[in-house]
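The block underneath contains the structure these notes are about, expressed in structure tokens.
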Amino acid sequence: MLAELKGVSKVYRSGTGRRAVAVEALKDIDLAIEEGEFLAVMGPSGSGKSTLLHILGLLDRPSQGKYLLLGRDVTELEEAEAARTRNRTIGFVFQAFFLLPRATALKNVELPLVYRGLAKSRRRRRAEEALAAVGLADRADHLPSELSGGQKQRVAIARALAQDPAVLLADEPTGNLDTASSHEIMRLFSGLNREGRTVIVVTHEPEVAGYARRIVRMRDGRIVADETQR
């Protein structure tokens, strides 16, 4: 089992005293994800899908319940240990790319490997291999400003792949792309999944979710449907 959530709830609180407000973003979530799955999480704005992704990615922790990652209880990890686990286990792809504008594609892909402490030659080799895997070997020396939106997202995917993560978490990865580039990115995710990568995509777009093998639908902080397709 790659990841398992058991009775997970998440409550955000704001204000103090009589003005205190509690918002329950997730409500008693049970979810099991096997290694090698391609899962799409769908739902309208405010449904809890991004909160779910943040918990799966150790960017947030549950208010209640338990999270097991690769068989390990990671619910109450201290921040330093959570950061180490994220760096070694989880690859993130975001809607906004988050590329350093003055760094080449190669340097952007190398960055998380710097934090991991890899030697320069090894970092470069892994970054080159990751760029080749997303079809951008010939763009290694280009700055983000010299790349299209789809190419920027492929660099972001390469950056995640270079870490050899157990799972790729993608939060609205096609949100800033045109239709053709969106399909290009989703075909790339499909190919990576066929190679054995676990991929979890958060989206509100049915066409994007259609690439996944399993769709979890959320509403008001709860899972309301869990469907396997194809």
Side-chain angles (χ1 to χ4, degrees), residues 1-14 21-69 74-75 82 85-86 89-98 153 156-157 160 165-177 179 181-183 185-186 188-190 192-193 197-230:
M1 185 72 67
L2 174 78
E4 189 171 9
L5 302 179
K6 299 180 177 181
V8 164
S9 296
K10 179 64 183 180
V11 178
Y12 293 104
R13 302 183 187 279
S14 62
V21 176
V23 177
E24 196 171 11
L26 295 179
K27 304 172 184 177
D28 197 26
I29 297 290
D30 291 322
L31 179 65
I33 302 167
E34 300 283 354
E35 292 187 45
E37 284 204 70
F38 189 174
L39 170 68
V41 181
M42 290 194 72
S45 178
S47 63
K49 58 187 187 297
S50 289
T51 301
L52 177 66
L53 191 80
H54 290 169
I55 288 175
L56 288 171
L58 295 175
L59 297 171
D60 204 347
R61 63 178 65 192
S63 303
Q64 182 178 319
K66 184 178 289 189
Y67 176 23
L68 302 177
L69 180 62
V74 295
T75 312
T85 303
R86 279 196 303 270
T89 309
I90 301 164
F92 292 97
V93 180
F94 296 103
Q95 177 177 339
F97 316 135
F98 295 124
Q153 193 60 290
I157 294 170
V167 58
L168 287 172
L169 298 182
D171 193 358
E172 299 283 2
T174 63
N176 284 340
L177 303 179
T179 300
S181 296
S182 295
H183 286 293
I185 292 303
M186 294 312 300
L188 176 55
F189 278 128
S190 292
L192 293 170
N193 176 250
R197 296 275 180 187
T198 306
V199 179
I200 302 173
V201 175
V202 164
T203 183
H204 64 276
E205 301 177 58
E207 287 188 4
V208 170
Y211 282 87
R213 298 181 180 182
R214 178 184 173 194
I215 299 177
V216 167
R217 300 181 189 274
M218 299 190 67
R219 185 173 293 277
D220 298 327
R222 300 183 186 276
I223 293 175
V224 296
D226 188 342
E227 310 156 355
T228 300
Q229 54 185 14
R230 289 201 297 276

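Everything numeric here is computed off the predicted structure, so don't read it as measured data. Nothing fancy with the numbering, it's 1 onward along the sequence.
Using cut-offs of 30° and 60° for the angle between ring planes, the Phe94 and Phe92 rings count as parallel.
Thr203 places no side-chain N or O within donor-acceptor distance of the main-chain N or O of Val208, the cut-off being under 3.5 Å. One N or O on the side chain of Asn176 and one on the backbone of Gln95 form a donor-acceptor pair closer than 3.5 Å. One N or O on the side chain of Arg197 and one on the backbone of Pro165 form a donor-acceptor pair closer than 3.5 Å.
Residues passing the side-chain contact (heavy atoms from CB on, under 4.5 Å) test with Gln64 are Ser9, sequence neighbours excluded. Remark: Thr89 pairs with Leu69, Leu70, Thr85, Ala166 by the side-chain contact (heavy atoms from CB on, under 4.5 Å) rule, at least two apart or across chains. In this structure His183 satisfies the ring-ring contact (aromatic ring centres under 6.0 Å, His included) test together with Tyr211, sequence neighbours excluded. Under the rule for a side-chain contact (heavy atoms from CB on, under 4.5 Å), the partners of Asp30 that lie at least two apart in sequence or sit in another chain are Lys6. Looking at residues two or more places apart in sequence or on another chain, you find a side-chain contact (heavy atoms from CB on, under 4.5 Å) between Asp60 and Lys10, Tyr12, His54, Ile55.
Note that the CD1 atom of Ile223 and the CZ atom of Arg217 stand 12.5 Å from one another [nearest 0.5 Å]. Taking CG from Leu39 and OG1 from Thr198, the interatomic distance works out to 10.0 Å, rounded to the nearest 0.5 Å. Atoms CG and CG, on Leu31 and Leu26 in that order, are 10.5 Å from each other to the nearest 0.5 Å. Atom CE in Met218 sits 10.0 Å away from atom NZ in Lys27 (nearest 0.5 Å). Rounded to the nearest 0.5 Å, atoms CG (Leu68) and OG1 (Thr75) are 6.5 Å apart.
Residues Val8 and Pro62 approach most closely at CG1-CB, 3.8 Å, considering heavy atoms. Here the closest non-hydrogen pair linking Gly221 and Ile29 is O-CD1, 3.5 Å. For the pair Thr174 and Glu205, the tightest heavy-atom approach, listed with the atom from each and the gap, is OG1-OE2, 3.2 Å. Pairing each heavy atom of Glu34 with each of Leu2, the nearest pair is C-CB, 4.0 Å. Of all non-hydrogen atoms in Leu168 and Ala160, the two that sit nearest each other are CD2-CB, 3.6 Å. Of all non-hydrogen atoms in Tyr67 and Leu56, the two that sit nearest each other are OH-O, 2.7 Å.
Side chain to side chain, Ser181 and Gln153 fail the donor-acceptor criterion of an N or O pair below 3.5 Å.
Residue-environment remark: CZ (Arg214) exceeds the threshold of 12 foreign heavy atoms within 6.0 Å. Summarising the local packing, CD of Glu227 is surrounded by more than 12 heavy atoms from other residues, nucleotides or ligands at distances under 6.0 Å.
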Assess the residue pair Ile157 and Ile185 against the criterion (side-chain contact (heavy atoms from CB on, under 4.5 Å)); give the C-alpha distance rounded to whole Å, side-chain angles, the decisive distance to 0.1 Å, and a yes or no. CA-CA 9 Å; Ile157 294 170; Ile185 292 303; 4.1 Å; yes

Applying side-chain contact (heavy atoms from CB on, under 4.5 Å) to Leu5 and Leu52, what does each step give before you reach the verdict? CA-CA 10 Å; Leu5 302 179; Leu52 177 66; 3.3 Å; yes

Show your working on side-chain contact (heavy atoms from CB on, under 4.5 Å) between Phe38 and Leu192 and close with a plain yes or no. CA-CA 10 Å; Phe38 189 174; Leu192 293 170; over 6 Å; no

side-chain contact (heavy atoms from CB on, under 4.5 Å) for Glu37 and Arg213? Distances and angles first, verdict last. CA-CA 7 Å; Glu37 284 204 70; Arg213 298 181 180 182; over 6 Å; no

Determine all donor-acceptor pairs shorter than 3.5 Å in which one atom belongs to a side chain in residues 40-51; sequence neighbours excluded.
from	atom 1	to	atom 2	distance (Å)
Ser47	OG	Pro44	O	2.8
Lys49	NZ	Gly43	O	2.8
Lys49	NZ	Pro44	O	3.3

